Every structure is written in C-alpha cells, then in structure tokens.
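To find a chain, count down the sequence lines: A is the first, B the second, and so on, and within it residues start at 1. Please read these numbers as outputs of a predicted model, since none were measured by experiment.
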Protein chains: 2
Amino acid sequence: MSDSRQTAKTTSSGRGQVSGSGPGDNGLDAIYRSISEAIIEHRLKPGARLREDALADVFGVSRTGIRKVLQRLALEQLVTLTPRRGASVTRPSVDEARDVFEARLLVECAMMDAAAKRITEEDIQELQEMAKQEREALRNREQRIAIKLSATFHARLAEISGNRTLAGFVGQLASRSSLILAVYGNAGHLGCESHDHDNLIDFLAAGDGAKASDFMERHLKSIEASLSIFEEPEETPDLWDIFAVDA
Amino acid sequence: MSDSRQTAKTTSSGRGQVSGSGPGDNGLDAIYRSISEAIIEHRLKPGARLREDALADVFGVSRTGIRKVLQRLALEQLVTLTPRRGASVTRPSVDEARDVFEARLLVECAMMDAAAKRITEEDIQELQEMAKQEREALRNREQRIAIKLSATFHARLAEISGNRTLAGFVGQLASRSSLILAVYGNAGHLGCESHDHDNLIDFLAAGDGAKASDFMERHLKSIEASLSIFEEPEETPDLWDIFAVDA
DNA sequence: TCGGCCACCATTGTATACGCTCTTTGTGCA
DNA sequence: TGCACAAAGAGCGTATACAATGGTGGCCGA
C-alpha cells in the first residue's frame with residue numbers, strides 16, 4: 001500500500017481537485033452515494049471492514065471527509081462504528097430484521113392511499129421505467145442492480161405520497177432491507193418478485209389506494225417470508241464441522 | 001511522509017489512565033445531549049446561530065468534536081447546516097410541520113396495539129412518574145421542562161412497543177415537534193394537555209390498544225389544531241414592526 | 001507444551017493550521 | 001443622495017499532525 005504518492009499531489013495545485021467538488025459537502029455527497037450504493041448492491045458485504053485510510057486513498061480525499069461520510073452512514077444504520085475498531089458494514093440482527101419489516105409494513109402500506117391520490121402521469125411513467133429496468137436486471141442475472149433498483153423504487157413511491165419525512169424514513173428502511181437480504185436472503189430467490197411492482201403501479205394508476213395497500217402488504221410479507229431468519233449460532237464451532245467432513 | 005514508525009515510543013509507561021472521557025464519542029455524546037436538550041427546551045430558539053468556535057469554547061473541546069455533534073443534529077433535522085453559513089437551529093416550515101404530525105399520527109397510533117400488549121407493571125409506573133413530573137412542571141409554569149418531558153414520554157411509549165426502529169423514529173419526530181411548537185405554538189397553550197398522558201396510560205394498562213390508539217389520535221390532532229400554522233413572512237422586517245411601535 | 005506477559009504495530013480519536021468564500025462596511029462616483 | 005465596487009473580516013471546509021488504544025505476535029516461565 002504504499003505511500004500514497006499521488007493523493008498529496010492534488011492539493012498542490014490549489015483547488016485543483018477532482019470533480020469540482022463544491023464547497024459544502026458537494027464532493028462528500030458523491031462519496032456518500034458511492035459507498036451507500038456499494039453497500040446496497042452487496043458489493044460491500046455485511047461485516048466488511050471499512051478502513052478510513054483506504055477509503056481516503058480511493059476517493060482522493062483526506063480521512064476527515066471519509067469520517068464525515070462514515071458517520072452519516074452509521075446514523076442510517078448502514079455501517080456500524082465500533083469505538084476503536086473502526087467502521088464495518090452493518091450485519092443486521094434478527095431483531096433488527098423483524099423491526100425493519102414491521103416498520104415497512106406499517107408505513108408503506110399506510111402511504112399507498114395518499115400515493116394513489118397524488119400520483120401523476122409522469123410519476124406512473126417513471127415508476128414503470130424503473131420496474132422495467134428491474135425486470136431486465138433480473139433477467140440478466142444482475143441481482144445486485146435489481147436490488148438497488150428495488151430499493152429505489154420503494155423510496156420513490158414513498159416520495160410520491162407527498163410526505164417527505166415519511167419518505168426519508170422509507171428510504172432508510174429500504175436500504176436496510178437490502179442489507180437484511182444480504183444476510184438472510186436465499187440465493188436465487190430475490191426479494192421482490194419482478195411483477196409485483198408492476199401490479200402495484202397499476203393499482204395506483206387506477207387510483208385504488210386500498211388495493212394498492214393490500215398488495216403492498218402481501219408484497220412485503222412475501223419478501224419477509226422468503227428470508228431464512230434464524231440466527232446462526234456459529235460462534236466458533238465452525239471448525240469442527242468443517243474439519244470433521246474433511247477428515 | 002507517512003512512515004511514522006517510531007514516534008510511538010511514549011506508550012512505554014503505559015496505560016495509564018485518563019480518567020474522564022472514554023475513547024469513543026463518550027464525551028461527545030454528552031455534548032450532543034446537552035445541545036439537543038437545549039433545543040428541545042427552547043433555550044435555543046429556532047433560527048439561533050450555532051457557531052462552531054463558540055460551542056467549542058463552551059464545551060472545552062475543539063471544533064472537530066463540535067462538527068461531529070452538529071452533523072448528527074443536522075441528520076435528525078434539529079439543526080440546519082447551510083454550506084458556508086454554518087449551523088442554526090432548524091426553523092420548521094409549514095410543510096414540515098404538517099408532515100411531522102401526519103407521520104406521528106400514523107406511526108404512534110399504530111404502535112399502541114403492540115404497546116398495550118407488551119406493557120409491564122414497571123413501564124406503567126415509569127410512565128406515571130413521567131406524567132406526574134410533567135403535570136408539576138406545568139403547574140410551576142416551567143413550560144420548557146414540560147415540553148421536554150412530553151417528548152420523552154412519547155419516545156418512551158414507543159420503546160415499549162418493542163420495535164426499536166420505529167421507536168427511534170418516534171423519538172426524532174417528538175424532538176422535531178418540540179421545534180414546531182416553538183415556532184407555531186401559542187404561548188399559554190402548551191402542546192400536550194396534562195391529563196391526556198394519564199388517560200393514555202390507563203388505556204394501555206387496561207390492555208385496550210384500540211382505545212389507546214383512538215385517544216392518541218385525538219391527542220395528536222388536538223396538539224396540531226392548537227398550532228397557528230401559517231407562514232410568517234418575516235424574513236428580516238422584524239425591525240420595522242418593533243420600531244414602528246416604539247415611535 | 002501450554003498459558004501468561006510484554007512489546008510493537010495498525011488504526012482510530014482529537015486537535016491544530018491553512019485556505020477559501022461569504023458578508024459587511026466604507027468610500028467614491030454619478 | 002443613492003448605488004456600486006472594493007477591501008477587510010469572520011467563519012467554515014479540508015488537510016495534516018499527534019496521541020492513545022486495542023490487537024497481534026513472540027518470548028519466557030511453569
């Protein structure tokens with residue numbers, strides 16, 4: 001790893017620097033999105049360590065900026081900050097998983113009514129486009145992309161209902177759900193069935209909030225049901241099984 | 001330049017101690033609570049500027065720590081971070097106020113069912129104690145204390161229902177409600193009527209989640225109704241009014 | 001051979017220094 | 001008299017430096 005030879009270079013020429021990052025956290029925001037996306041897409045798996053130095057090196061900023069981003073991610077529960085051990089991608093506990101889905105069930109279903117009333121033609125087209133991309137990603141076996149799109153879809157849906165506070169909350173829940181899928185999901189059985197989202201759009205387009213709500217309920221419950229939620233008791237006994245087989 | 005291999009000689013004598021501040025954000029957390037409480041109690045009013053230097057001075061830490069705290073408060077929407085202008089206590093917009101109460105109505109009512117099922121004798125006593133303190137604060141005209149206790153009460157209630165994720169959300173909403181009261185509330189008409197909380201406890205103690213939910217709905221709606229929600233167009237023209245009266 | 005101790009290292013936590021932008025005030029000109 | 005421009009000042013954004021801590025590996029003693 002070496003000495004970071006080039007990072008220092010950027011500052012030398014003054015404001016030079018990549019991608020014109022503005023003053024505020026403009027540049028930092030890009031880093032935030034970048035890491036956030038990597039986590040949601042499971043390119044960074046739960047438990048993965050996120051060293052500040054390494055990230056600082058990758059993104060060409062100092063640790064200060066990275067710390068800021070990491071802190072934000074920690075507040076959204078996407079990463080866990082252990083006092084002297086640094087940051088790592090959060091590995092949701094069973095309780096957390098249950099809580100998150102319960103919360104989604106409660107909030108997202110309740111928002112369907114408002115969404116059905118407020119949805120516009122533009123919204124519908126946008127959602128359909130997203131659903132289409134998701135189907136394509138699924139068809140191409142790009143599960144990572146599909147998962148991200150699914151989270152975005154739910155977040156966008158929440159925005160349509162007009163309550164920004166709740167929408168922000170749903171966004172967080174959707175991101176965390178992605179982590180939960182990474183830990184407790186079965187391979188081959190992706191969270192959202194591809195046609196579910198289309199059906200949801202249809203109900204909303206028809207202005208039928210009640211049906212949309214019912215469908216959302218089934219949708220979320222089916223995702224939760226597809227998980228293998230049982231805590232892995234592997235503390236250390238791992239080795240015995242592994243080597244017993246071997247020997 | 002990064003090769004700092006030998007500098008760390010000092011560790012020799014050891015782990016000595018450091019009494020105070022723990023490692024992590026132990027000390028910072030206290031600062032966070034301190035500022036947070038000041039905001040909720042309206043000792044810091046919406047719009048108040050929070051200069052990093054000043055806070056660093058007050059709490060005896062450097063700006064670094066203050067920034068960390070400020071960022072966290074910003075993520076919880078208690079303070080607003082304007083790019084080059086620094087931090088100030090958030091002044092909730094009319095839309096925000098509506099969103100927050102809508103969210104509370106949705107979430108808190110829905111949680112009553114679980115709360116009624118899970119509440120224990122200890123919880124009941126704790127809540128009653130809190131309600132009692134709140135009544136006393138109101139009687140003593142200590143509205144600031146009462147507002148804080150009210151927010152804490154609602155947050156604690158949410159915790160009882162057993163879903164930490166939702167409880168955290170309710171905590172945030174309660175804090176923000178305090179800000180909303182500061183901006184749109186009428187003096188003399190505090191948010192929560194003092195006996196409301198007692199009634200709520202009674203319903204929960206009786207295990208009647210439905211009634212508790214209904215009551216919570218009325219409770220929150222009455223608070224919202226007591227607000228004078230119309231946007232004040234005062235951007236800076238403050239002075240004109242003041243001196244017009246004077247002259 | 002195993003268990004405990006000690007030194008080193010890797011990595012984070014905190015503080016300080018510097019540069020940049022925005023605001024404000026003062027002055028000159030139309 | 002009013003407006004525009006410039007300079008100074010204040011405050012934030014970022015990087016770097018230093019200190020402290022927990023983990024890791026090796027050594028010694030039982």
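Annotation for Glu134(B) and Ala146(B): closest pair CG-O, 3.9 Å, computed over non-hydrogen atoms. The minimum heavy-atom distance linking Val89(B) with Lys45(B) is given by the pair CB-O, 3.4 Å.
For Ile66(A) and dT11(C), the CD1 to P distance is 15 Å, given to the nearest whole Å. Nucleotide dA10(C) holds its P atom 13 Å from the CZ atom of Arg49(A), rounded to whole Å. Separating the CZ atom of Arg84(B) from the P atom of dT21(C) is a distance of 7 Å, rounded to the nearest angstrom. Rounding to whole angstrom units, CZ of residue Arg63(B) and C1' of dA10(D) are separated by 12 Å. Following rounding to the nearest Å, Gln71(A) (CD) and dT14(C) (C1') show an atom-to-atom distance of 13 Å. In this structure, CG of Leu55(A) is placed 12 Å from P of dT11(C), rounded to the nearest angstrom. Put simply, CG on Asp53(B) is 14 Å from C1' on dC18(C), counting in whole angstrom units. Rounded to a whole Å, the CZ atom of Arg67(B) is 14 Å from the C1' atom of dT16(C).
Side-chain nitrogen and oxygen atoms of Thr64(A) include none within less than 4.0 Å of the OP1 or OP2 phosphate oxygen of dT14(D). The phosphate of dT23(C) (OP1 or OP2) has a side-chain N or O of Arg85(B) nearer than 4.0 angstrom. Note on Lys68(A): a side-chain N or O is less than 4.0 Å away from OP1 or OP2 of dT14(D).
Nucleic acid contact for Arg51(B): sugar-phosphate only, since backbone atoms but no base atoms lie under 4.0 Å from a heavy atom of the residue.
Each of dG13(C), dT14(D), dC12(D) was ranked by its minimum atom distance to the side chain of Glu52(B); first place goes to dC12(D).
For Thr90(A) and Thr80(A), the side-chain atoms include at least one donor-acceptor pair closer than 3.5 Å.
Side-chain atoms of Asp123(A) never come within 3.5 Å of backbone atoms of Ile160(A) as a donor-acceptor pair (strictly under, hydrogens ignored).
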